[in-house]
Amino acid sequence: MTSAPGPLRIGNASGFYGDRFDAMREMLTGGDLDVLTGDYLAELTMLILGRDRLKDPGAGYARTFLRQLEECLGLAHERGVQVVANAGGLNPAGLADAVRELADRLGIPVRVAHVEGDDLTAGHPGSLATHAYLGGFGIAACLREGADVVVTGRVTDAALVTGPAAAHFGWTPSEYDRLAGAVVAGHVLECGAQATGGNYAFFQEGCVRRPGFPLAELHDDGSCVITKHPGTGGLVDVGTVTAQLLYETAGARYAGPDVTARLDTVRLTQDGPDRVRVEGVRGEAPPPTLKVGVNRLGGFRNEVAFVLTGLDIDAKAALVREQMTAALAKSLPTDIRWDLARTDRADAPTEETASALLRLVVRDPDQEAVGRALSGAAVELALASYPGFHVLAPPGKGAPYGVFEDVYVPHGAVAHVAVLHDGRRIPVSPPHDTRVLDPVPEPPLPKPPPDGPRKRAPLGLVAGARSGDKGGNANVGVWARTDAAWRWLAHELTTDRFHQLIPESTQLNVTRHTLPNLRALNFVVEGLLGEGVAAQHRFDPQAKALGEWLRSRHLDLPEALL
């Protein structure tokens, strides 16, 4: 009788292109690992890499990864750690060749494979980069054939974990519960230190000056323990894992190309210091289509921030708006936005705290309409506008901005292929079964808390939050730390209350999803981010701080919770 494979220890060394450079070395030297992953891609990153490729057809991948390997490829080989990363971006074949050249130069005998098939740019004329989100079975095929390093293009972030898990445990595409458990583990790991205390609502409860990077001890049944190497900074507890589970998700069904994971089945328990057990995850067949991210250039953008100091802030703002509107009448950019941030205080002890910022952002397909037309108009007001006139920085000539949208194609429209170290190509079949992604019925709410005295105070005293972006939509996950707080939160934080607390959302569609196992609510705000992060539609273009703004808003909180 053959015993089941032992746990698979999968670590993460990158949550985005530009993350801590030393993390790869830290993860390889800090403790035992079987696989080290790195997530380098995001919607904005694909646009950046697309612009790189316009300048150099041989570019299009994350060069940081190659520099990290120069220091660490020997370490990984000595320790028997397989490396899996989506750093291939728009050019995984090019990165694979570059890794082979590096290994040959360093004299390290590693087998390098890559995954391709995600690039659909040719079928979308006018786009800069159009890529399908592939699953993990291309990665699994590479690892089963002996690859030491696997680089991919646009796969889902969780595929960096589902692929190694499927290879290690021998999972088939129909083992949905196991795959769903790996998806949840991958989603927790994908953003690096966000699982170990980084960007955490209750950051003052641990030492998070330099959080370690996370790892998952994944088991054959799909359960795992989220932890970190001994002696590294940060913290891993139910709260940090809950926060990351809610990050950039929506409802109970978390869809991917391999499986749809049911987030409403996740159970979290503290399993000791810096150890959180994740179990009970159920999975379903994936949806019949693949998500495709389409990145294109939207035009040109420019901005100027006028500093308004002291008295009569509103009148000063009105004057400069009138002057700039008249000056821009000839070029008339297609999109003009004004935002006044009242950061000023009365009788302020410093000039900076006595000042407000009036921000003007213009967009147009024609660079000239947002370049010299804006900069000339702003500079010419230097001696002819409100008292104390100055700007944070003079506007430039206008820079291109990107637009992101997602579309969907059938699985069969994508040629998912594992390209091995010896040149063999293994096609990856689409899933045999699929399931339309219907919403899950809202679960029953807990019993409301008893009436009692209340106190006006910030929501963040009793609830955590984490927010982020998905194209033009924002999501805000909010969770309670106790059952008593959950009973209050579930009834108090309705969509109507959300609209009241976040006035920007008043005219937008907001959907609330309830996840009782996590004592959490997830809000999706449609259209808050315009055409995506690259378009810089608002002050916080990725909605990273939207959750913290929500936590700062005051409500009538039960005194029993304080």
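Because the structure is predicted, anything quoted here is derived from the model rather than measured.
- Under the 4.0 Å criterion applied to side-chain N and carboxylate O atoms, Arg267 and Asp264 are not assigned as salt-bridge partners.
- Tested against Arg519 for a side-chain hydrogen bond (donor to acceptor under 3.5 Å, both in side chains), the candidates Thr514, Thr482, Asp483 yield a single pass: Asp483.
- With contacts defined as side-chain heavy-atom distances shorter than 4.5 Å, the pair Leu245/Thr242 does not qualify.
- Remark: the backbone N or O of Ala195 is paired with a side-chain donor or acceptor of Thr240 at under 3.5 angstrom.
- Applying the side-chain contact (heavy atoms from CB on, under 4.5 Å) test between Leu218 and each of Cys224, Pro164, Pro7 identifies Cys224 as the sole match.
- Panel note: side chain Thr227, backbone Asp274; a donor-acceptor pair is recorded below 3.5 Å.
- The two residues Ile226 and Val236 come nearest to each other via the heavy atoms O-CG1, 3.5 Å.
- Taking 4.5 Å as the limit, some side-chain heavy atom of Leu521 sits within range of a side-chain heavy atom of Trp486.
- Here Arg538 contributes atom CZ and Leu528 contributes atom CG; the two are 4.5 Å apart, rounded to the nearest 0.5 Å.
- Checked for salt-bridge contact, Arg154 and Asp118 miss the test: no charged N lies under 4.0 Å from a carboxylate O.
- The backbone N or O of Ala140 sits nowhere less than 3.5 Å from a side-chain atom of His168 that would complete a donor-acceptor pair.
- Each of Val238, Leu518, Leu246 was scored for a side-chain contact (heavy atoms from CB on, under 4.5 Å) with Trp479, with one residue passing: Leu246.
- Ionic pairing of Glu145 and Arg111 is not present here: no N-O contact between side-chain nitrogen and carboxylate oxygen is shorter than 4.0 angstrom.
- Asp237 CG to Tyr200 OH: the interatomic distance, rounded to the nearest 0.5 Å, is 4.5 Å.
- Checked by atom type, the side-chain pair Asn475/Asn522 shows a donor-acceptor distance below 3.5 Å.
- In this structure, Arg63 is not positioned above the aromatic face of Phe65 in the sense of NZ or CZ being under 6.0 Å from the six-membered ring centre and within 45° of the axis.
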If you apply the rule side-chain contact (heavy atoms from CB on, under 4.5 Å), what do you find for Ser174 with Asp433, and how did you get there?
CA-CA 8 Å; Ser174 61; Asp433 300 314; 5.5 Å; no
Assess the residue pair His131 and Leu120 against the criterion (side-chain contact (heavy atoms from CB on, under 4.5 Å)); give the C-alpha distance rounded to whole Å, side-chain angles, the decisive distance to 0.1 Å, and a yes or no.
CA-CA 5 Å; His131 291 258; Leu120 304 181; over 6 Å; no
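- Between the side chain of Arg178 and the backbone N or O of Asp220, at least one donor-acceptor pair lies under 3.5 Å.
- With respect to Glu70 and Arg105, a salt bridge is recorded, a charged nitrogen being found less than 4.0 Å from a carboxylate O.
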Please step through side-chain contact (heavy atoms from CB on, under 4.5 Å) for the pair Trp549 and Ile502, ending with a clear verdict.
CA-CA 8 Å; Trp549 179 23; Ile502 306 296; 3.7 Å; yes
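- Of the possible polar contacts, one joining the Arg512 side chain to the Leu493 backbone as a donor-acceptor pair under 3.5 Å is found.
- Between Glu175 and Phe169 there is no side-chain heavy-atom pair separated by less than 4.5 Å.
- Asp540 contributes a side-chain N or O that, together with a main-chain N or O of Lys544, makes up a donor-acceptor pair within less than 3.5 Å.
- The heavy-atom pair separating Gly89 from Leu49 by the smallest distance is CA-CD1, 3.9 Å.
- Side-chain contact check for Leu134 versus Pro257: every heavy-atom pair is 4.5 Å or farther apart.
- Checked by atom type and distance alone, the side chain of Asn91 never pairs as donor or acceptor with a backbone atom of Tyr61 at under 3.5 Å.
- Other residues, nucleotides and ligands place no more than 12 heavy atoms under 6.0 Å from the CZ atom of Arg282.
- Among all heavy-atom pairs drawn from Val183 and Ala261, the shortest one is CG1-CB, 4.1 Å.
- With rounding to the nearest 0.5 Å, the separation of CD in Glu284 from OG1 in Thr260 is 6.5 Å.
- Nearest approach of Arg20 to Phe213, heavy atoms of both residues: CZ-CE1, 3.7 Å.
- When only modelled atom types and interatomic distance are considered, Asn86 and Asp39 share a side-chain donor-acceptor pair under 3.5 Å.
- Of all heavy-atom pairs spanning Val414 and Gly117, the tightest one is CG1-O, 3.1 Å.
- Expressed to the nearest 0.5 Å, how far CE of Met27 lies from CG of Leu215 amounts to 5.0 Å.
- Atoms OG1 and NE2, on Thr196 and His229 in that order, are 11.5 Å from each other to the nearest 0.5 Å.
- Remark: side-chain polar atoms of Arg262 are not paired, donor with acceptor, to backbone N or O of Ala180 under 3.5 angstrom.
- If you take CG on Leu33 and CD on Glu217, they are separated by 10.0 Å, rounding to the nearest 0.5 Å.
- Here the side chains of Gln244 and His187 are in contact, with some heavy-atom distance below 4.5 Å.
- We find that Arg9 and Asp34 are not joined by a salt bridge, their nearest charged nitrogen and carboxylate oxygen being 4.0 Å or further apart.
- Val525 is listed as a side-chain neighbour of Phe498, based on a closest heavy-atom distance under 4.5 Å.
- Seen from the ring of Tyr176, Arg435 does not count as a face-on cation partner, given the 6.0 Å and 45° thresholds.
- Looking at Leu90 and Asp52, their side chains never come closer than 4.5 Å, going by heavy atoms from C-beta outward.
- In this structure a side-chain-to-backbone donor-acceptor pair under 3.5 Å is missing from Asp469 to Gly471.
- The shortest distance between side-chain heavy atoms of Arg67 and Phe21 falls below 4.5 Å.
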Yes or no on side-chain contact (heavy atoms from CB on, under 4.5 Å) for Asp148 and His421, after CA distance, side-chain angles and deciding distance?
CA-CA 9 Å; Asp148 302 298; His421 56 280; over 6 Å; no
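- In this structure a side-chain-to-backbone donor-acceptor pair under 3.5 Å is present from Asn473 to Gly527.
- Across Ala457 and Leu461, no two heavy atoms sit closer than the pair CB-CD1, 3.8 Å.
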